[in-house]
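Okay, structure first, notes after.
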Number of protein chains: 2
Amino acid sequence: MEIVDLSTLPDSEARYTEFLKQVCEKHGIDHAAYAGMNPAAGTVAGYVTYGDDWKSHYQDQGLIMLDPTLHMTKRSIAPVDWSRLERSDNFQRVFRDAHDFGLSDQGVTIPVRGPYGDIGLLSATRDCSREEWKKQLSHVIGDLQSMAVHIHDTVVSSDEVTSSLYHPTLSTRESEILQWVAAGKSQQDIGDILSISHRTVEVHLRSSREKLNALTTPQAVGRAIGIGLISPG
Amino acid sequence: MEIVDLSTLPDSEARYTEFLKQVCEKHGIDHAAYAGMNPAAGTVAGYVTYGDDWKSHYQDQGLIMLDPTLHMTKRSIAPVDWSRLERSDNFQRVFRDAHDFGLSDQGVTIPVRGPYGDIGLLSATRDCSREEWKKQLSHVIGDLQSMAVHIHDTVVSSDEVTSSLYHPTLSTRESEILQWVAAGKSQQDIGDILSISHRTVEVHLRSSREKLNALTTPQAVGRAIGIGLISPG
DNA sequence: AAAGCTATTGGGGGTTTCCCGTATTTTTGA
DNA sequence: TCAAAAATACGGGAAACCCCCAATAGCTTT
């Protein structure tokens, strides 16, 4: 397998879509799409080979908020065949529209995770018979997996916006206190444990929330666990 | 590519090493190793095809604490060829010993991440010429990547199954509401979203806490994520 | 039919958290 | 080197959360 080195292509958004097109041609796929997201930073970046009409429709209708090929697959470790999503209401909703734009509801999405909570999703879709799709998938899934890793690795290491918000580094006190919170302690408890005021505990929790871009402490705890900064207590 | 379904093999630790052996045979690899870890909790589970002599040496010398094929690769997104680790002091130290046990210092490690901060590392090693290794790697890297995902997915979900007997079952509403809490919503927000009273939301949260044996909601969120009942929002 | 679980709503009141400040020390960057 | 930023620390007051209680309804199990 030869990997097209993304870092050697001209430096612009176009190189990613160009890469996706090459993946399509190589493996006989109709369309490919990549979505890179950083939940802790709240950022999403997407590159697709779809037509502009579908792209604008997708954008206008806010389908990104309910697209199950994003929100279901991002919780998975292994690739997810879209046939496993068919029962979802949102799936019906998104792909009922997609049909009007000549897009198939047959595809697969491959999740890739980085060490800081970042998630990459590479999707491939093709309009053909079920049997043909299954056969094709078994042949190219390994390659697609490598492609997914490659593009995600390149995007997160090159995207300046992402990389600036990339490292949510918690201070010693912050992760220490957040760990106690995950262990079920109150701010007063933690203050007693660390021999500081419970007011101070609250300040550290606040800055932890800000760094993790979390609205509430429970959300911050969840994200910190997801990233691996703390463990469930 | 045909994937050996791990879940159909006899239920024991042996099936993982058996799987690794099959990977070796299929791709002409000397040895394969898998390490599943929870970095925040500091727990590591490993399955290897190495001989018992090396295993005990590795254990006795505490090489797990400094093995760069674990600690360097777990920060990477893409597969790491061990040639990139050669400059590390710890690499020299670990593999100087390895040579005495007939193990090669030529290999690759593939990192895989799950949604709960869990990390799986699949390593493959072979004693041959540099050129031969590079050529072989380019052919099998896609398959290895799929294998890495497959084994990590299986290990993680089987751990869930084994521990699910000891874990509670949340009702639909409870997990639904807990998921919204993990997404940073307040009780009032959730009540509006679900079109129910915020008092009802609080009741469900309370029963969730009781079922999860959690003192606080943040702890409940953390545990639910750790168990896999919800995902970080 | 009664018991048990889930889902729903509400009152009252204590507890906890959260947002607004201020201040000192340490670290970082220009 | 010196200023800016971050980390650490503390407090008042408002908002949110949590605990005790009671009540209704649907649905499954015994």
Side-chain angles (χ1 to χ4, degrees), chain A residues 40-42 116 160-161 163-225 227 229-230 233, chain B residues 164-225 227 229-230 232-233:
Chain A
Y116 303 108
E160 293 167 5
V161 180
S163 56
S164 64
L165 302 169
Y166 202 40
H167 272 281
T169 313
L170 296 186
S171 72
T172 310
R173 272 292 204 241
E174 285 161 353
S175 56
E176 187 178 18
I177 287 173
L178 204 59
Q179 182 64 70
W180 279 116
V181 171
K185 301 297 183 186
S186 71
Q187 295 181 3
Q188 184 64 62
D189 292 338
I190 300 170
D192 294 342
I193 292 170
L194 301 177
S195 300
I196 56 177
S197 166
H198 69 95
R199 309 290 191 165
T200 306
V201 173
E202 197 273 329
V203 171
H204 288 299
L205 274 178
R206 193 187 314 157
S207 58
S208 298
R209 286 194 299 271
E210 286 168 1
K211 286 182 177 180
L212 292 164
N213 205 29
L215 294 169
T216 64
T217 297
Q219 186 179 26
V221 168
R223 289 197 165 161
I225 290 174
I227 297 173
L229 296 174
I230 63 172
Chain B
S164 68
L165 298 173
Y166 305 90
H167 286 314
T169 313
L170 295 186
S171 71
T172 309
R173 268 301 200 230
E174 285 161 354
S175 56
E176 188 178 17
I177 287 174
L178 206 57
Q179 182 64 67
W180 279 117
V181 170
K185 302 297 183 186
S186 71
Q187 296 181 0
Q188 184 63 61
D189 292 338
I190 299 170
D192 294 342
I193 292 170
L194 301 177
S195 299
I196 57 178
S197 164
H198 69 94
R199 318 303 298 265
T200 309
V201 173
E202 198 269 331
V203 171
H204 287 300
L205 273 178
R206 192 187 315 160
S207 59
S208 298
R209 285 194 299 271
E210 287 168 0
K211 286 182 176 179
L212 291 162
N213 205 26
L215 295 169
T216 64
T217 297
Q219 186 179 26
V221 168
R223 289 199 167 159
I225 289 174
I227 297 170
L229 298 173
I230 63 173

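If you're wondering where the values come from, they're calculated on a predicted model, not measured in any experiment. Lettering follows sequence order; numbering is per chain, from 1.
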**OP:** Using the test side chain to side chain donor-acceptor pair (under 3.5 Å), find all partners of A/Thr217 that sit at least two apart in sequence or belong to another chain.
**Re:** A/Arg209

Original post:
Between atom CD1 in B/Ile177 and atom P in C/dT6, what is the gap in whole Å?
Top reply: 13 Å

Subject >> Qualifying residues under salt bridge (charged side-chain N to carboxylate O under 4.0 Å, His left out), relative to A/Glu176, sequence neighbours excluded >> reply: A/Arg173

Subject >> Test item: B/Leu229 and B/Ser175 side chains (from C-beta on) under 4.5 Å apart, heavy atoms >> reply: no

**OP:** Would you please name every residue forming a salt bridge (charged side-chain N to carboxylate O under 4.0 Å, His left out) with A/Lys211, sequence neighbours left out?
**Re:** A/Glu174

Original post:
Expressed in angstrom and rounded to an integer, what is the separation of B/Lys211 atom NZ from C/dG4 atom C1'?
Top reply: 12 Å

Subject >> Chi angles and distances behind the salt bridge (Lys or Arg N to Asp or Glu O under 4.0 Å) call for A/Glu210, A/Arg206 >> reply: CA-CA 6 Å; A/Glu210 286 168 1; A/Arg206 193 187 314 157; 5.6 Å; no

Original post:
Would you say B/His204 reaches C/dT6's phosphate, i.e. side-chain N/O to OP1/OP2 under 4.0 Å?
Top reply: no

Subject >> Whole-Å gap separating P (C/dT8) and CD (B/Glu176) >> reply: 8 Å

Original post:
Nearest-Å distance, CG (A/Asp192) to P (D/dC10)?
Top reply: 12 Å

Original post:
OP1 or OP2 of C/dT9 less than 4.0 angstrom from a side-chain nitrogen or oxygen of B/Thr200, does that happen here?
Top reply: yes

Original post:
Mind checking what makes side-chain contact (heavy atoms from CB on, under 4.5 Å) contact with B/Asp189, not counting sequence neighbours?
Top reply: B/Lys185, B/Ser186

Subject >> Set of side chain to side chain donor-acceptor pair (under 3.5 Å) partners for A/Gln188, sequence neighbours left out >> reply: A/Asp192

Original post:
With sequence neighbours left out, what residues match A/Arg199 under salt bridge (charged side-chain N to carboxylate O under 4.0 Å, His left out)?
Top reply: none

**OP:** Give me the bend of the helix from C/dA3-D/dT28 to C/dA30-D/dT1, using the axes of the five pairs at each end, rounded to 10°.
**Re:** 60°

Subject >> Rounded interatomic separation in angstrom, taking CH2 from A/Trp180 and P from C/dT17 >> reply: 15 Å

Original post:
Tell me, for nucleotides 17-30 of chain D in 5' to 3' order, what letter each nucleotide earns: B for a base near a protein heavy atom under 4.0 Å, S for only sugar-phosphate near one, - for neither?
Top reply: SBBB----------

Original post:
Does B/Ser197 have a side-chain nitrogen or oxygen under 4.0 Å from the phosphate oxygens OP1 or OP2 of C/dT8?
Top reply: no

Original post:
Taking CG from B/Leu170 and P from C/dC5, how many angstroms apart are they, rounded to a whole number?
Top reply: 15 Å

**OP:** Check every atom of C/dT9, C/dA7, D/dC10 against the side chain of B/Thr172 and return the nucleotide holding the closest atom.
**Re:** C/dA7

**OP:** For B/Ala182, enumerate each residue passing the side-chain contact (heavy atoms from CB on, under 4.5 Å) test, keeping only those at least two apart in sequence or located in another chain.
**Re:** B/Gln179, B/Val221, B/Ile230

**OP:** Quickly work out the B/His198 NE2 to C/dG12 P distance and round it to whole Å.
**Re:** 13 Å

Subject >> Interatomic distance where CZ belongs to A/Arg173 and P belongs to C/dT27 [whole Å] >> reply: 14 Å

